[in-house]
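What follows is a single structure, written as structure tokens, with notes after it.
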2 protein chains.
Amino acid sequence: MNETTSNPAPPLSDEDTATYTRWFKALADPMRIRLLNLLAVERRAMAVGEIVEHLPIGQSTVSHHLKVLAEVRFVLPEPRGTSTRYAVNERCLERFPAAVRAIMGLEAGRA
Amino acid sequence: MNETTSNPAPPLSDEDTATYTRWFKALADPMRIRLLNLLAVERRAMAVGEIVEHLPIGQSTVSHHLKVLAEVRFVLPEPRGTSTRYAVNERCLERFPAAVRAIMGLEAGRA
DNA sequence: CTCATTCATCGATAATCGACGATAGTCGAT
DNA sequence: ATCGACTATCGTCGATTATCGATGAATGAG
């Protein structure tokens, strides 16, 4: 539908608001942005120990950040024996800009 | 340049990381998302007192949230005598998706 | 000038969060 | 079964933050 005209665009539902809040919270930290960017630039699944070597924080903290990013599906874990590799979820690219546009009242339903 | 191919996309600079962190922090709160969505849906500058009537929080808290959103230029203040109206900054629509794509290593310089 | 209105700022409080170190759990190899 | 390597969880601490109520500052009306 054409929602770009002067329609009375509907406000966000409480559910969508909560969802978008979780997404933004997940990226509202410099280390998580660097982490996600690292995985994106390397373009491959990386083990936790490998990621730790690229960031100025400890292993437990990296594991925590990966958990946060995984909870919103920005990264996907790949258990590999005793190790666990993490990779970027390419799909978060599509949903994220759509969320911004929904907040701005430029899209009604899902997009 | 064509950075959409399989180039070794450069990592984010510390400066860009800090900038994007501030943007995401600004939206990492349900009330600020509702606030921004309210201004976007209404499609007009609104006085603080008017905004307060639409949200379940006090006037001082609304004023605080508006300050946070204004610091990253997501809203723009319009002093009007004793009142102050706030309006959405349409430009944040353009920059935001570009930031996400930069984190994902899909864009090199500015976009 | 005085007063009422409107918004911003201040101080306090409780909750959330990022960081660490230590510990526990899991798996493969020996 | 034991050991070693790797990751997840736990407890804690300090910093940040969302919220409130009260106060302060600026403006327009009378």
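Proteins get letters first, then strands, A, B, ... in listed order; numbering begins at 1 in each.
Looking at B:L27 and A:V100, their side chains never come closer than 4.5 Å, going by heavy atoms from C-beta outward. B:I51 places a side-chain heavy atom less than 4.5 Å from the side chain of B:L66.
Note on A:S63: a base of the nucleic acid sits closer than 4.0 angstrom, heavy atoms only.
Look at A:S83 and you'll find a side-chain N or O under 4.0 angstrom from OP1 or OP2 of D:dT7. OP1 or OP2 of C:dG18 lies within a sub-4.0 Å distance of a side-chain N or O belonging to A:H64. For D:dA8, one of the phosphate oxygens OP1 or OP2 lies less than 4.0 angstrom from a side-chain nitrogen or oxygen of A:Y86. Between B:T61 and D:dC20 there is a side-chain N or O to OP1 or OP2 distance below 4.0 Å.
Between the NE2 atom of A:H65 and the P atom of D:dT9 there is a distance of 15 Å, rounded to whole Å. The distance between atom CD of B:E53 and atom C1' of C:dT6, rounded to the nearest whole Å, is 13 Å. The interatomic distance linking A:R85 (CZ) with C:dC27 (P) rounds to 16 Å, in whole Å. Counting to the nearest Å, the C1' atom of D:dT19 and the CG atom of B:L66 are 15 Å from each other. Atom CD1 of B:I51 and atom P of C:dC7 are 9 Å apart (whole Å).
Residues from residues 21-33 of chain B lying near DNA chain D, meaning a heavy-atom separation below 4.0 Å, are B:D29, B:M31, B:R32 in numerical order. Applying a 4.0 Å cut-off to non-hydrogen atoms, the residues of residues 71-82 of chain B that approach DNA chain D are B:G81, B:T82, listed by residue number.
For A:Q59, whose side chain is taken as the heavy atoms from C-beta onward, the closest listed nucleotide among C:dC7, D:dC20, D:dA8 is D:dA8. Side-chain atoms of B:K67 lie closest to C:dT9 of the nucleotides D:dA8, C:dT9, C:dC7. Of the candidate nucleotides C:dC7, C:dA19, D:dT7, C:dA19 has the atom lying nearest to any side-chain atom of A:I57.
For the pair A:S63 (side chain) and A:Q59 (backbone), a donor-acceptor distance under 3.5 Å is absent. Here the side chain of A:R32 pairs a donor or acceptor atom with the backbone of A:A26 at under 3.5 angstrom. Under a 3.5 Å cut-off, the side chain of B:R34 and the backbone N or O of A:P11 do not form any donor-acceptor pair.
Looking at residues two or more places apart in sequence or on another chain, you find a ring-ring contact (aromatic ring centres under 6.0 Å, His included) between B:F24 and A:F96, B:F96.
Neither A:L76 nor A:M46 shares a network with the other; the hydrophobic side chains, linked directly or stepwise wherever heavy atoms of I, L, V, M, F, W or Y lie under 4.5 Å apart, form separate groups for each.
A salt bridge links A:E42 to A:R44: one of the charged nitrogens lies within less than 4.0 Å of a carboxylate oxygen.
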### Task
Could you please spell out the steps behind the side chain to side chain contact (heavy atoms under 4.5 Å, CB included) verdict for B:V88 and B:R43?
CA-CA 8 Å; B:V88 177; B:R43 291 194 176 284; over 6 Å; no

